[in-house]
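Working notes, structure below.
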2 protein chains.
Amino acid sequence: MRKDIHNSNIPVRCMSCEVRHKGICGALSADELQALSAHTRLVNHEAGDELAGEKMPAESYATVIRGVVKLTKTLEDGRQQIVGLQFAPDLLGRLNADENAVSVEAASDLNLCRIPKVALERMVKSNPALAERLMTQTLRELDEARDWMVTLGRKTAAEKVASFLLLIATHLDPEATGDRRQFDLPLSRADIADFLGLTIETVSRQMSKLKAEGMIGIVANRHINVPKLSKLKAFCGS
Amino acid sequence: MRKDIHNSNIPVRCMSCEVRHKGICGALSADELQALSAHTRLVNHEAGDELAGEKMPAESYATVIRGVVKLTKTLEDGRQQIVGLQFAPDLLGRLNADENAVSVEAASDLNLCRIPKVALERMVKSNPALAERLMTQTLRELDEARDWMVTLGRKTAAEKVASFLLLIATHLDPEATGDRRQFDLPLSRADIADFLGLTIETVSRQMSKLKAEGMIGIVANRHINVPKLSKLKAFCGS
DNA sequence: CGTAGCTTTGAGAAAAATCAAAAAGGGTGG
DNA sequence: CCACCCTTTTTGATTTTTCTCAAAGCTACG
């Protein structure tokens, strides 16, 4: 399952964050950003890489520059559930935790900006604006988790798949406008099933059904287009 | 559905918090506690009272002194999902939010310590220890939400009901020790179903099945005993 | 071109939902 | 304290949804 890892461990300024003024860097002064840059590393991972294991010691933080990260939990007998997806410019890692509550995996090829545990924690202590920004991200994650609980607990298989497609469509390119969307799924059918609490077969059947109903087009396995996002949204139940 | 509300709006020191040094009050100095006490009110609610509506303006915070609070989300067509339960000494209310993301209801009879929105937010700004404590609670809620996503997405009906009973057994009296437990369910079968993403009938059947297998005893409708908590835990899958 | 890994499709089985009705509690007023 | 009513819970029969098992079709890649 796990492929070779090719990291480019070159120290860099986190230009991506700085320029776009997103993520945690937006809460930093020029001086702080400069100081932080000394500790950060741009690293790359390929789809399938495991970045951190459930119940393993937490070693560092990282912000997502490009790609999608999946957070999973696994039952004793191997049943798996994806409990969150992280997109740029989210911060990976749980503040002040010694141990990971979830397993962290690259869903797609990734660029991350890695930050040592102590460096970030020191900076959070001295910068209330940064602490507040982390609180905001945590609250957003909590909202997303609760929204997904409704999907898992109360939606039909068809609504679950539609909700997933809507989530991806709106998160992959948040700036996109208009009612028509086109994108590549960052997750395999198996991952989608683990996200939705379904089997691969049910996911596949519901995708075919949505296609037959004209709700979506399946250009290639992973390449989807949505002619009317508003129609898809209405179908999701909320 | 909504019953009459009988509130005793008498200003008090939040002795319950102070004495037990739990919840947010544990992060406050004597002076701060004194100052906060001037703004707080002990209020009572009965089971079924709606404390705050989904998408309604957020008006105040409150800590749970006694009882259980349920957080729910509802789809357009009325399907409902409980997305969280709060026990003493949790803080109700989302920091800095103008609008509720969830509906807040008294699951059982309640005693709350109510805190005005501005009073708490001012105190959080000037007290990093309090901010950190709120961050800790939020992270715990996120963990709980993600754990529950696994239950909703990947467990069988029997495992879901067992997981719910385990949750209640361990949360109602966190100090209890030993492998035998006895408690009153703070939720009706309908609420349990909404928490587990099941129907009332399925919950009832699985409870009967757990009883038949000797996993639990049903003394009265709401009164449950668990002869071996470890056995129940093992049955939950994780 | 062949192979390995995904994905789709099909048929039958299992789990949970739905519809229906009986039983059990709980509170109220007599 | 009891009889009654209303609500909640349990149980039963049937239907629907989703899963499981099986096989075929696709894709990508060496």
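Residue numbers start from 1 in every chain, and the chains themselves are labelled A, B, ... in the order their sequence lines are given, proteins ahead of strands.
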Requested in this report: Take atom CG of B:Leu196 and atom C1' of C:dA15, then tell me their distance rounded to the nearest Å.
Outcome: 15 Å
Query - Side-chain donor or acceptor of A:Lys160 paired with backbone N/O of A:Leu196 under 3.5 Å - result: yes
Query raised in the report: To the nearest 10 degrees, what angle separates the axes at the start and end of the helix from C:dC1-D:dG30 to C:dG30-D:dC1, five pairs each?
Result: 40°
Query raised in the report: Under 3.5 Å, is there a donor-acceptor pair linking the side chains of A:Ser103 and A:Lys73?
Result: no
Query - Side chain of B:Thr202 (C-beta onward), nearest among C:dT18, C:dA17, C:dT7 - result: C:dA17
**Report entry** A:Arg154 vs A:Arg222, nearer the 5' end of DNA chain C by closest nucleotide
**Finding:** A:Arg222
Query raised in the report: Given that A:Thr156 and A:Glu201 both sit by DNA chain D, which one's nearest nucleotide is further toward the 5' end?
Result: A:Thr156
**Report entry** B:Asp90 bridged to B:Arg140 by N-O distance under 4.0 Å
**Finding:** yes
Query raised in the report: A:Asp191 CG to C:dG5 P: how many Å, rounded?
Result: 17 Å
Query raised in the report: On DNA chain D, which is the earliest and which the latest nucleotide, 5' to 3', with an atom closer than 4.0 Å to a heavy atom of chain B?
Result: D:dT9 to D:dA13
Query raised in the report: Do B:Asp179 and B:Lys228 meet the salt-bridge criterion of a basic N to acidic O distance under 4.0 Å?
Result: yes
Report task. Let me know the distance between NZ of A:Lys211 and C1' of C:dT8, rounded to the nearest Å. Result -> 10 Å
Query raised in the report: Can a salt bridge be assigned to the pair B:Arg146 and A:Glu144 using a cut-off of 4.0 Å between side-chain N and carboxylate O?
Result: no
Query raised in the report: Which one, C:dT8, C:dT9, C:dA17, comes nearest to the side chain of A:Ile200?
Result: C:dT8
Query raised in the report: Using 4.0 Å as the upper bound for N to carboxylate O, is an ion pair formed by B:Glu201 and B:Arg205?
Result: no
Query - Spacing of A:Gln206 atom CD relative to C:dG10 atom P, expressed in whole Å - result: 14 Å
Report task. For A:Lys155 and for B:Ala190, find the nucleotide of DNA chain D with the closest heavy atom, then tell me which residue's nucleotide is more 5'. Result -> B:Ala190
Requested in this report: May I ask you to verify whether the side chain of A:Arg205 and the base of C:dG10 hold a donor-acceptor pair under 3.5 Å?
Outcome: yes
Query - A:Leu198 backbone acceptor or donor facing A:Thr202 side chain under 3.5 Å - result: no
Query - Salt-bridge present (B:Arg94, A:Asp143; N to O < 4.0 Å) - result: yes
Query raised in the report: Is a side-chain N or O of A:Glu159 found less than 3.5 angstrom from the main chain of A:Thr156, in a donor-acceptor match?
Result: yes
